[in-house]
Protein chains: 2
Amino acid sequence: MRVGSEVDNGAQAPTSDKSHNDCPGRVLYRHVAGRWAGPIVLELWPEPLRFHRLRDALPGISEKVLAQNLRELVRDGLVTRTVEPTRPPQVTYSLTQLGNDLASQIHGLLTWVGNHTPEVLAARRRHDEQQQQQAS
Amino acid sequence: MRVGSEVDNGAQAPTSDKSHNDCPGRVLYRHVAGRWAGPIVLELWPEPLRFHRLRDALPGISEKVLAQNLRELVRDGLVTRTVEPTRPPQVTYSLTQLGNDLASQIHGLLTWVGNHTPEVLAARRRHDEQQQQQAS
DNA sequence: CGGTATCCCATGCGATACTG
DNA sequence: CAGTATCGCATGGGATACCG
């Protein structure tokens with residue numbers, strides 16, 4: 001609770017010049033660890049997919065966000081976008097070699113999460129119960 | 001602080017109740033893939049560290065966010081918090097076995113990023129140049 | 001089919017001040 | 001030393017409508 005009546009002076013220096021924040025590796029990590037980049041790459045791992053197939057494989061994603069992520073992945077050389085000039089047009093996304101390497105790392109992380117979520121939930125329950133007891 | 005704790009879907013009801021959004025694995029992934037959880041776990045991988053040591057090892061993190069992440073990690077059974085009742089108190093954070101497993105996955109992803117950032121940057125430059133040409 | 005455009009909200013994170 | 005409290009922005013991402 002606001003002890004001193006000091007008003008927060010809203011201008012919080014964006015920290016923008018701290019060199020480690022602009023570090024490209026940092027930025028790239030933030031992207032590949034984002035909410036959807038990992039899952040998308042994993043979907044493309046076994047086989048190339050078209051836009052709507054990809055969307056359907058990722059329940060909950062919006063087309064906007066899927067498109068954003070794909071654009072970024074293509075730009076970063078992790079995914080290839082191939083257009084078949086048919087009618088209607090077909091656009092296929094596939095992993096590059098670089099993207100393939102990344103996929104194996106993502107896979108490791110994501111399957112770890114899949115395998116150990118129950119243990120984490122159990123630990124969490126134990127922890128919360130102890131907190132409960134201490135509170136009482 | 002109850003960060004991302006429970007369901008609590010105050011968010012803009014993503015098509016209402018799509019169960020996959022509340023899926024514990026999804027939530028856990030969002031956490032370990034967050035901006036700092038990965039780096040923190042990696043710092044603890046070689047050896048346990050105290051709060052300020054950890055903060056200093058992670059340039060740019062605020063104490064608030066470090067504390068938040070550590071609390072969550074402890075709650076999830078990935079990190080152990082040990083208090084030495086000396087004067088002044090010493091608090092040491094170390095990985096559990098579960099946290100150790102996670103660390104190796106994170107390590108894979110983070111070192112991949114470290115090793116391949118130059119290639120990504122090169123790809124990005126190539127891509128941006130092509131866009132430039134098409135625009136003209 | 002394969003996207004963009006627009007609008008808006010929830011959440012994460014940073015900065016600063018204070019406490020046991 | 002090891003945190004908590006408070007405030008506020010920036011950003012990612014969701015919903016919806018529209019375009020080539």
Side-chain angles (χ1 to χ4, degrees), chain A residues 1-18 20-21 26-27 30-40 49-56 58-72 74 81-93, chain B residues 1-18 20-21 26-27 30-40 49-56 58-72 74 81-93:
Chain A
M1 35 202 36
R2 222 83 267 286
V3 179
S5 55
E6 184 56 75
V7 182
D8 249 22
N9 155 23
Q12 64 207 66
T15 322
S16 43
D17 59 336
K18 304 282 226 168
H20 41 267
N21 274 333
R26 226 26 116 87
V27 174
R30 285 309 297 150
H31 176 227
V32 301
R35 176 165 190 179
W36 292 111
I40 288 171
L49 287 176
R50 311 228 319 258
F51 188 84
H52 277 190
R53 301 272 296 161
L54 210 37
R55 184 203 54 188
D56 295 342
L58 298 164
I61 197 172
S62 69
E63 296 190 345
K64 185 190 94 176
V65 171
L66 178 55
Q68 273 179 358
N69 275 271
L70 286 172
R71 244 183 282 130
E72 186 90 356
V74 168
R81 182 177 184 271
T82 312
V83 182
E84 235 79 47
T86 61
R87 213 12 254 235
Q90 299 206 165
V91 180
T92 305
Y93 294 92
Chain B
M1 60 63 110
R2 156 137 342 130
V3 261
S5 49
E6 303 294 80
V7 184
D8 157 60
N9 198 359
Q12 55 253 56
T15 325
S16 289
D17 61 343
K18 303 282 220 169
H20 42 268
N21 273 334
R26 223 31 113 84
V27 174
R30 286 310 297 151
H31 176 227
V32 301
R35 177 165 190 178
W36 293 111
I40 289 170
L49 288 176
R50 312 230 316 260
F51 189 84
H52 277 193
R53 301 273 295 159
L54 210 38
R55 183 202 56 188
D56 296 343
L58 298 164
I61 198 172
S62 70
E63 295 190 347
K64 185 191 90 174
V65 171
L66 178 55
Q68 273 179 358
N69 275 272
L70 286 172
R71 247 182 280 130
E72 187 88 356
V74 168
R81 182 177 185 272
T82 312
V83 183
E84 233 79 47
T86 60
R87 216 8 256 232
Q90 299 206 163
V91 180
T92 306
Y93 293 92

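Lettering of chains follows the sequences in order, A, B, ..., and the numbering in each one begins at 1. All figures in this text were calculated on a predicted structure; none of them were measured in a lab. What's counted below: heavy atoms across the whole structure, side chains too, no hydrogens, waters or symmetry copies.
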Interatomic distance where CG belongs to L58(B) and P belongs to dG14(C) [whole Å]:
11 Å
In whole angstroms, how far is the C1' atom of dT11(D) from the NE2 atom of H31(A)?
14 Å
In V91(A), V65(A), L54(A), the residue satisfying side chain to side chain contact (heavy atoms under 4.5 Å, CB included) with L70(A) is L54(A)
Rounded to whole Å, please give me the gap between CH2 in W36(B) and C1' in dT11(C).
17 Å
Ignoring hydrogens, what is the shortest heavy-atom contact between R26(B) and P59(A)? Give both atom names and the distance.
NH2-O, 3.8 Å
Under 3.5 Å, which N/O atoms of the protein pair with N/O atoms of nucleotides 3-7 of chain C?
| residue | atom | partner | partner atom | Å |
| --- | --- | --- | --- | --- |
| dG3(C) | OP1 | R81(A) | NE | 3.3 |
| dG3(C) | OP1 | R81(A) | NH2 | 2.5 |
| dG3(C) | OP1 | Y93(A) | OH | 3.4 |
| dG3(C) | OP2 | Y93(A) | OH | 2.7 |
| dG3(C) | N7 | E63(A) | OE1 | 2.9 |
| dT4(C) | OP1 | R71(A) | NE | 3.4 |
| dT4(C) | OP2 | R71(A) | NH2 | 3.2 |

Is the closest side-chain heavy-atom distance between R71(A) and R81(A) below 4.5 Å?
no
CD of E84(B) versus C1' of dA2(D): gap in Å, rounded?
14 Å
Out of dC1(C), dG13(D), dC1(D), whichever nucleotide has its closest atom nearest the side chain of R50(B):
dC1(D)
CH2 of W36(A) to CD of Q68(A), rounded to nearest 0.5 Å, is 13.0 Å
Output the rounded distance in Å from CG (D56(A)) to C1' (dG2(C)).
13 Å
Result for 5'-nearest mapping on DNA chain C, choosing between R30(A) and P89(B), is R30(A)
Between CZ of R35(B) and P of dG12(D) the distance, given in whole Å, is 11 Å
Please report the shortest heavy-atom distance between N69(A) and A37(A), naming the atom on each side.
OD1-N, 3.6 Å
Please examine the side chains of Q90(A) and T82(A), heavy atoms only from C-beta on, and report whether any two atoms are closer than 4.5 Å.
no
Using atom CD of E72(B) as one end and atom P of dT4(D) as the other, report the distance to the nearest whole Å.
13 Å
To the nearest angstrom, how far is L66(B) atom CG from dC13(C) atom C1'?
13 Å
Tell me what R87(A) touches on the nucleic acid: a base, only sugar-phosphate, or nothing, going by heavy atoms under 4.0 Å.
nothing
Looking at every non-hydrogen atom in both residues, tell me the closest pair between P88(B) and T86(B) and how far apart they are.
O-OG1, 2.7 Å
